[in-house]
Amino acid sequence: MLSFFRRIINSRAGLVVTFIVLGMIAFAFAAGDVSNLAGTFGGGGGLGGNDVATVGKQEVTVAELRQRAGDEVAAARQRNPQADMAGYLASGQLDASLDRMITSYALAEFGRQQGMIVSKRLVDGQIASIPGLQGPTGKFDENLYRRILSERKLTDAGIRRDIARDTLVQQLTAPTIGAAQIGEQLALPYASLLLEKREGKVGFIPVAAIPAGPAPTEAEIATWYARNLQRYRIPERRTIRYALVTPEQVRARVAPTEAEIAQAYQADRAKYQAAEKRTIAQVIVADRAAAEALAAKVRGGTSLADAARAGGLEASTLSAQDKAGYAAQTAPAIADAVFAAGKGAVVGPVRGPLGFTVARVEGIEQVAGRTLAQVRGELATAITARKTAEALSQLHDSIDDALGNGATFDEAVKDARLQAQTTPALTAQGTNPDAPGAADPALVPLAAAAFTAEDGDGPQLVQTGQDGGFAIVAVGQVTPAAPRPLAAVRDEVAAAFRADRSRQAARRIANAVLAKVNGGMPMAQALTQAGVALPPVRAIGGTRADLGRQEGPPDPAMVMMFSMAPRTAKLTEAPQGTGWIIVRLDRNTPGDASRNRAILASAKSELGRGMGAEYAEQFARAVRAGIGVKTDAAALKRVRDELSGQGGSDN
């Protein structure tokens, strides 16, 4: 939850969805639906007091589990628009989510029993570091935080409790995961596997080698379309109403006056006065006698750098120093002496705070003063930038207050004298399926925010850049996910049908070749008897370690070769469905890593991480048994039944 907090998006709708994945007691944090903070932070009791589980004296309520399931589906939908509740339930993720919650609660309770605590200061820091709770100035906005709590019916105490719990869990498990040590003899067999070498042959039956065949009939097209609706499914789309607020919009209203420019000049007048700047080489010596000897050498013609090195010291050079700045770095007495000397003069030794300074004036530069007229443009630019940032911040707070008091999108836009715009129907990634192409970068954060909103949510403010600009964002029309009509994709369906027909024909040929090869026929001969022109057989070979060194996706033939018995052949599909690959393993040569220190060290490290995770898992199971866990199968079934009724809808 701590890293979940840090990844909150810049929105007033709420906080980011999180779920703690505790498979091998490693935690994965997923950013998703920012409107579901109430489920992530289970502050109150369940609806009707129903509990799905009890962990010691703590309760996992029906409401908490229901909301967590919705959060995880929403988070999955951010990565895959096709994700829905039905798939989530079918894959057993509801039970896995409950198991993760129970383990987290049990570990935190164990930590408290051992006297572990999480300080208020640490929790304060975590909350203050949430980007979504920072205003345009980049500082934590207490009012925004309190308003989110009020809108989501949350409590500060509940949020703090959950941060503290997850901190305890991390403190308990992280040291265990990294603590395992593996002996060399245990690692040797695994390291030797990396050096095992295999050699074989590969045949390829490309789909492109198969004749296209006749055009599909209307019945075939309709049947293919019905069986493959998901291919033509358009994810949920939303039109987005928004109004941009940019620095350019407010800059014209904050032009600096002549009085402001003059006041700024007077406030920093010393910066614009004539000044003398010097380049100074110096060395600091611990005692006076050594410093005097060094100064005598320099006066005798030795460079300061050479004289310092001869004494085991090193000279430093300070460029473009004015007297005040140099005095601040050294001491007033040293600055007085150096700035009283001429160019090339050797000064010192003069006592300073760290010893005795010997210096040489390397250069003198007279910097002319600058009048108000000369720096007017520079001052105007700085004042404009400051006033623009202040105006943006004030406008942001004003609009935010209005939205918090129930103002509609139209009211907020009108009061702020902004221009409202509406996007086409966009996906959560900001793309328009009706106009293929890359998403407009300016609309991506607006779409991300709009897809976090639920029914009944008001407009929200979304940061649009690092310059203080933001937008008022509201959801317009929502178009549920649905397949495109067959009439709109008929040509695409027909092409897909023909491609699949060729793919299936290629597989039949591949199966026939595979049977012949496994029957003892040489692969080259089996390919020539396939009835179509095919690429020649190619030799393949390498070690397991070679697989890990390959750039990009591994060669599927190599992967297959390391899962076979010698003198056998297997079939696998080529990437992107371009054809079928037949692999025959001719020989394998065992590896010996006993003299390969690098491979041994790598194997020990990998095994240590895996064993550490297993130790942590066993620790968590023991903690759960000691704390005491009870689950209510009937309550869990009610949650599952309720969620299954939602199908693929939003939660």
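- Side-chain contact annotation: Arg584 with Thr568, donor-acceptor N/O pair under 3.5 Å absent.
- Residue pairs satisfying the side-chain hydrogen bond (donor to acceptor under 3.5 Å, both in side chains) criterion with at least one member in residues 513-530, sequence neighbours excluded, are listed as follows: Lys516-Gln529.
- Contacts classified as salt bridge (charged side-chain N to carboxylate O under 4.0 Å, His left out) and involving residues 566-581 (residues at least two apart or in different chains) are given here: Arg503-Glu573.
- Residue Ala425 comes nearest to Pro433 through the heavy atom pair O-CD, 4.0 Å, listed as atom of the first residue, atom of the second, then distance.
- Closest of all the heavy-atom pairs between Gly213 and Arg498 is O-NH2, 3.0 Å.
- Checked by atom type, the side-chain pair Gln421/Tyr242 shows a donor-acceptor distance below 3.5 Å.
- Ser91 places a side-chain N or O within donor-acceptor distance of the main-chain N or O of Tyr88, the cut-off being under 3.5 Å.
- Salt-bridge formation is not detected for the pair Glu492/Arg490: no Lys NZ or Arg NE/NH1/NH2 atom is positioned less than 4.0 Å from an Asp or Glu carboxylate oxygen.
- Remark: the backbone N or O of Lys197 is not paired with any side-chain donor or acceptor of Arg587 at under 3.5 angstrom.
- Applying the salt bridge (Lys or Arg N to Asp or Glu O under 4.0 Å) criterion to Arg507, with sequence neighbours excluded, gives no partner residue.
- Between the side chain of Glu196 and the backbone N or O of Arg544 there is no donor-acceptor pair closer than 3.5 Å.
- Using a cutoff of 4.0 Å between basic side-chain nitrogens and carboxylate oxygens, Arg624 and Asp99 are scored as salt-bridged.
- With hydrogens and angles left out, the side-chain atoms of Glu72 and Ser97 include a donor and acceptor closer than 3.5 Å.
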